[in-house]
Asks: 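Quick one: structure below, then a few questions.
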Amino acid sequence: MPARDAYHLAVRHALEKAGWTVTDDPYLIKQGVISMYIDLGAEHLVAATKGQEKIAIEIKCFTQPSYLAEFHTALGQFINYKIALEKQEPERDLYLAITQSTYDAFFTVPFIQQVTNKTGIKLMLFDADQEVITQWIN
């Protein structure tokens, strides 16, 4: 079982406040002999289509002195999880959850935006103190 990030419960509570049902905590994905854990799996009923939206959330805190080093780790995990999810459950979208302040301080840098756009990283921004989702970026 992987260690939980400092914001794990804040993200879980934010999802639940927004009407999501957390179905897996953590969400296990297996590819052959390799097992990986994404922090959360969640589902949300979509009233307009009467369907179901499924997501997996990887939470990153960005508390180390080097945001770039943490970004490299987050990017590597995101790519591995995305590829594994495409085989295991292709209808489930993967999001990287970061605080709104981390986004404002680092993810708005043009080079970082270029990387997130090229790699298809979807972001869920949240306020850790209020435990609310502030923005979805696809």
Side-chain angles (χ1 to χ4, degrees):
M1 186 74 72
R4 290 183 167 182
D5 293 278
Y7 296 134
H8 187 93
L9 287 178
V11 171
R12 183 179 175 130
H13 293 158
L15 285 167
E16 291 169 342
K17 283 182 183 178
W20 289 86
T21 300
V22 175
T23 58
D24 302 272
D25 184 3
Y27 179 77
L28 172 64
I29 49 177
K30 294 186 88 168
Q31 290 298 304
V33 297
I34 297 174
S35 296
M36 298 174 274
Y37 292 93
I38 302 174
D39 290 314
L40 296 169
E43 296 179 356
H44 185 68
L45 289 176
V46 181
T49 61
K50 295 185 180 179
Q52 213 169 32
E53 187 177 2
K54 295 180 179 182
I55 60 173
I57 304 280
E58 179 61 19
I59 304 162
K60 287 296 170 203
C61 294
F62 286 82
T63 55
Q64 300 299 315
S66 173
Y67 274 15
L68 189 58
E70 288 200 58
F71 181 67
H72 289 162
T73 300
L75 181 61
Q77 284 180 305
F78 190 91
I79 290 169
N80 287 342
Y81 296 165
K82 186 175 178 181
I83 291 169
L85 265 179
E86 286 172 358
K87 292 189 94 176
Q88 181 171 312
E89 195 173 9
E91 69 276 10
R92 189 177 293 270
D93 285 326
L94 177 62
Y95 284 85
L96 178 65
I98 58 173
T99 63
Q100 181 71 52
S101 60
T102 297
Y103 178 80
D104 294 341
F106 183 70
F107 281 74
T108 56
V109 172
F111 177 72
I112 300 305
Q113 287 191 330
Q114 185 179 3
V115 172
T116 58
N117 288 338
K118 279 241 181 221
T119 55
I121 293 179
K122 296 179 178 180
L123 298 172
M124 185 200 95
L125 310 182
F126 65 96
D127 179 317
D129 294 330
Q130 300 296 315
E131 296 185 341
V132 294
I133 297 167
T134 57
Q135 191 175 359
W136 296 93
I137 299 175
N138 292 325

Asks: Check for me, please, whether Y67 and I137 land in the same ILVMFWY cluster - side-chain distances under 4.5 Å, paths through other members count.
Replies: yes

Asks: Can I57 and D39 be said to form a side chain to side chain contact (heavy atoms under 4.5 Å, CB included), step by step?
Replies: CA-CA 6 Å; I57 304 280; D39 290 314; 5.6 Å; no

Asks: For residues Y37 and Y27, establish whether the separation of their ring centroids is below 6.0 Å.
Replies: no

Asks: I need the minimum non-hydrogen distance between A6 and C61, along with the two atoms involved.
Replies: N-SG, 3.5 Å

Asks: I'd like to know if the side chain of Q77 reaches the main chain of E58, judged simply by a donor and an acceptor atom lying under 3.5 Å from each other, with no hydrogens or angles considered.
Replies: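 Looks like no, no N/O pair under 3.5 Å.
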
Asks: Provide the closest heavy-atom pair for T108 versus Q113 in the form atom of the first, atom of the second, distance.
Replies: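 Taking T108 first and Q113 second, the nearest heavy atoms are CA-NE2, 3.6 Å.
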
Asks: Has D127 got a side-chain atom pairing as donor or acceptor with D129's backbone, closer than 3.5 angstrom?
Replies: yes

Asks: Please check if any side-chain donor atom of T21 sits under 3.5 Å from a side-chain acceptor atom of E43, or the reverse.
Replies: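 Their side chains do not contain a donor-acceptor pair, so the 3.5 Å distance test is not met.
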
Asks: Looking only at heavy atoms, what is the nearest atom pair of A84 and M36, with distance?
Replies: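 Heavy atoms of A84 and M36 come nearest at CB-CE, 3.5 Å.
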
Asks: Once you round to the nearest 0.5 Å, how far does CD1 of I38 lie from NZ of K82?
Replies: 12.0 Å

Asks: How long is the span from the CG atom in L15 to the CG atom in L40, to the nearest 0.5 Å?
Replies: 6.5 Å

Asks: Determine whether E89 and K54 satisfy the following criterion, salt bridge (charged side-chain N to carboxylate O under 4.0 Å, His left out), listing intermediate values before the conclusion.
Replies: CA-CA 9 Å; E89 195 173 9; K54 295 180 179 182; 3.3 Å; yes

Asks: Check whether any side-chain heavy atom of Y7 sits under 4.5 Å from a side-chain heavy atom of K60, and report yes or no.
Replies: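 No, their side chains stay 4.5 Å or more apart.
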
Asks: What distance do L94 atom CG and I79 atom CD1 have between them, rounded to the nearest 0.5 Å?
Replies: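 One gets 11.0 Å once the value is rounded to the nearest 0.5 Å.
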
Asks: Looking at every non-hydrogen atom in both residues, tell me the closest pair between T119 and V115 and how far apart they are.
Replies: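 That would be OG1-O, 2.7 Å.
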
Asks: Are F62 and Y103 close enough, and set up right, to give a ring pair (Phe, Tyr, Trp, His ring centres under 6.0 Å), and what steps lead you there?
Replies: CA-CA 10 Å; F62 286 82; Y103 178 80; over 10 Å; no

Asks: Report the C-alpha distance between T134 and M124 in whole Å, list the side-chain angles of each, state the deciding distance to 0.1 Å, and finish with yes or no for side chain to side chain contact (heavy atoms under 4.5 Å, CB included).
Replies: CA-CA 8 Å; T134 57; M124 185 200 95; over 6 Å; no

Asks: Can you hop from I29 to V33 via hydrophobic side chains spaced under 4.5 Å?
Replies: yes

Asks: Taking only residues two or more places apart in sequence or in another chain, which ones pass side chain to side chain contact (heavy atoms under 4.5 Å, CB included) with K17?
Replies: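 If we apply the side chain to side chain contact (heavy atoms under 4.5 Å, CB included) test to K17, skipping adjacent residues, the hits are E131, V132.
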
Asks: Would a 4.5 Å heavy-atom cut-off, applied to side chains only, mark E70 and L68 as touching?
Replies: no

Asks: Among the clusters formed by ILVMFWY side chains lying less than 4.5 Å apart, do F107 and W136 turn up in the same one?
Replies: no

Asks: Can you tell me how far the CG atom of L125 sits from the CG atom of D104, to the nearest 0.5 Å?
Replies: 8.0 Å

Asks: Going from OG1 on T102 to CG on L96, what distance comes out if it is rounded to the nearest 0.5 angstrom?
Replies: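 The distance works out to 10.0 Å.
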
Asks: Could you tell me if the side chain of I121 sits less than 4.5 Å from the side chain of L75, heavy atoms only?
Replies: yes

Asks: Are L85 and Y95 connected in a single hydrophobic cluster, I mean Ile/Leu/Val/Met/Phe/Trp/Tyr linked by side-chain heavy atoms less than 4.5 Å apart?
Replies: no

Asks: Can you name the ring pair (Phe, Tyr, Trp, His ring centres under 6.0 Å) partners of Y81, sequence neighbours left out?
Replies: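 Per chain and number, Y81 pairs via ring pair (Phe, Tyr, Trp, His ring centres under 6.0 Å) with no residue.
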
Asks: Apply salt bridge (charged side-chain N to carboxylate O under 4.0 Å, His left out) to D93 and list each qualifying residue two or more places apart in sequence or on a separate chain.
Replies: K122

Asks: Could you measure the distance from the CG atom of N117 to the CD1 atom of I112? Nearest 0.5 Å is fine.
Replies: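 It is 11.5 Å, given to the nearest 0.5 Å.
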
